[in-house]
**Student:** 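Below you will find the structure I want to go over with you.
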Amino acid sequence: MSATSYQRIYAAVRRIPRGRVSTYGTIARVAGLAGQARQVGYALSALPAGSKVPWHRVINAHGRLSLERSASGAGITQRLRLVGEGVVVDSAGRVSLDKFGWRTRESQRRAR
DNA sequence: CCACTGACGAGTG
DNA sequence: GCACTCGCCAGTG
């Protein structure tokens, strides 16, 4: 069966190590969908409750929890899970990508 | 098919 | 750092 974009995205998210975070754009790139960060967010929003995908490790390029501004309780869940893994989340819902960003060859950000 | 939306990103001013 | 624009693509009505 053809691997759907969603499956590739989920597989990429599962590769994020515990205690680390990655961004939508990075996941898109690792999943072979460079430039389609939006699709990553869309795929994660479609995740069924109780899935094994560590979606809470995915934040936006600004190092901020995207759900944190949402009225939903999902933002709280994401924050708690990250803190539970040792990731520092400040009161504004921001994470230091410099310290907790996932780094691998495939997730390299463009060296500027 | 068209318009609009959305867990986004990068560029510009 | 903020506001605005454009690009990307699937889902919905």
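Here is how names work: the chains are called A, B, and so on, in the same order as the sequence lines, proteins then strands, and each is numbered from 1.
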**Student:** Is it true that A/Asp90 and A/Arg64 make a salt bridge, defined as a side-chain N closer than 4.0 Å to a carboxylate O?
**Tutor:** no
**Student:** Got a sec, which residues hit side chain to side chain contact (heavy atoms under 4.5 Å, CB included) with A/Ala43, two or more places apart in sequence or on another chain?
**Tutor:** A/Tyr6, A/Ile9, A/Tyr10
**Student:** Nearest-Å distance, CG (A/Leu44) to P (C/dC9)?
**Tutor:**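 That distance rounds to 18 Å.
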**Student:** What pairs of residues pass the salt bridge (charged side-chain N to carboxylate O under 4.0 Å, His left out) test when at least one of them lies in residues 16-25 of chain A, not counting sequence neighbours?
**Tutor:**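 Matches after skipping sequence neighbours: none remain.
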**Student:** When you match A/Arg94 and A/Ala37 each to their closest nucleotide on DNA chain C, which lands nearer the 5' end?
**Tutor:**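 Comparing both residues, the 5'-ward one is A/Arg94.
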**Student:** Tell me the interatomic distance from A/Ile27, atom CD1, to C/dC9, atom P, rounded to whole angstroms.
**Tutor:**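 It is 19 Å, rounded to the nearest whole Å.
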**Student:** Determine whether A/Phe100 and A/Val89 satisfy the following criterion, side-chain contact (heavy atoms from CB on, under 4.5 Å), listing intermediate values before the conclusion.
**Tutor:** CA-CA 10 Å; A/Phe100 302 104; A/Val89 182; over 6 Å; no
**Student:** Just to verify, what does A/Thr104 make a side chain to side chain donor-acceptor pair (under 3.5 Å) with, not counting sequence neighbours?
**Tutor:** A/Ser107
**Student:** Would you tabulate the pairs of protein nitrogen or oxygen atoms and nucleotide nitrogen or oxygen atoms of nucleotides 2-4 of chain C closer than 3.5 angstrom?
**Tutor:**
none

**Student:** Taking donor-acceptor contacts at under 3.5 Å, does the side chain of A/Arg38 reach the base of B/dG9?
**Tutor:** no
**Student:** Who are the salt bridge (Lys or Arg N to Asp or Glu O under 4.0 Å) partners of A/Arg15, not counting sequence neighbours?
**Tutor:** A/Glu106
**Student:** So which pairs with a foot in residues 74-83 of chain A pass salt bridge (charged side-chain N to carboxylate O under 4.0 Å, His left out), sequence neighbours left out?
**Tutor:** none
**Student:** Sequence neighbours excluded, which residues qualify as side chain to side chain contact (heavy atoms under 4.5 Å, CB included) partners of A/Arg38?
**Tutor:** none
**Student:** Please state how far atom OH in A/Tyr24 lies from atom P in B/dG6, giving the value in whole angstrom units.
**Tutor:**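 That distance rounds to 14 Å.
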**Student:** Any side-chain heavy-atom pair from A/Ile27 and A/Ile16 closer than 4.5 angstrom?
**Tutor:** yes
**Student:** Among residues 50-58 of chain A, which contact DNA chain B at a heavy-atom distance under 4.0 Å?
**Tutor:**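 Only A/Trp55 qualify.
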**Student:** Strictly under 3.5 Å: I want the nitrogen or oxygen pairs between protein and nucleotides 10-13 of chain C, one per line.
**Tutor:**
| residue | atom | partner | partner atom | Å |
| --- | --- | --- | --- | --- |
| C/dA10 | O4' | A/Gln39 | OE1 | 3.2 |
| C/dG11 | O4' | A/Tyr42 | OH | 2.7 |

**Student:** How many whole angstroms separate atom CG of A/Leu33 from atom P of B/dC8?
**Tutor:**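 Spelled out: CG on A/Leu33 to P on B/dC8 is 16 Å.
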**Student:** Applying salt bridge (Lys or Arg N to Asp or Glu O under 4.0 Å), can you list everything that pairs with A/Arg14, at least two apart in sequence or on another chain?
**Tutor:** none
**Student:** Among pairs that include at least one residue of residues 42-57 of chain A, which meet salt bridge (charged side-chain N to carboxylate O under 4.0 Å, His left out), considering only residues two or more places apart or in two chains?
**Tutor:**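 Residue pairs passing salt bridge (charged side-chain N to carboxylate O under 4.0 Å, His left out), neighbours aside: A/Arg57-A/Glu85.
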**Student:** Output the rounded distance in Å from CZ (A/Arg64) to P (B/dC8).
**Tutor:**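 Distance check: A/Arg64 CZ to B/dC8 P gives 9 Å.
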**Student:** Taking the P atom in each of C/dG13 and B/dA7, what is the distance between them to the nearest angstrom?
**Tutor:**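 Comparing P positions in C/dG13 and B/dA7 gives a spacing of 16 Å.
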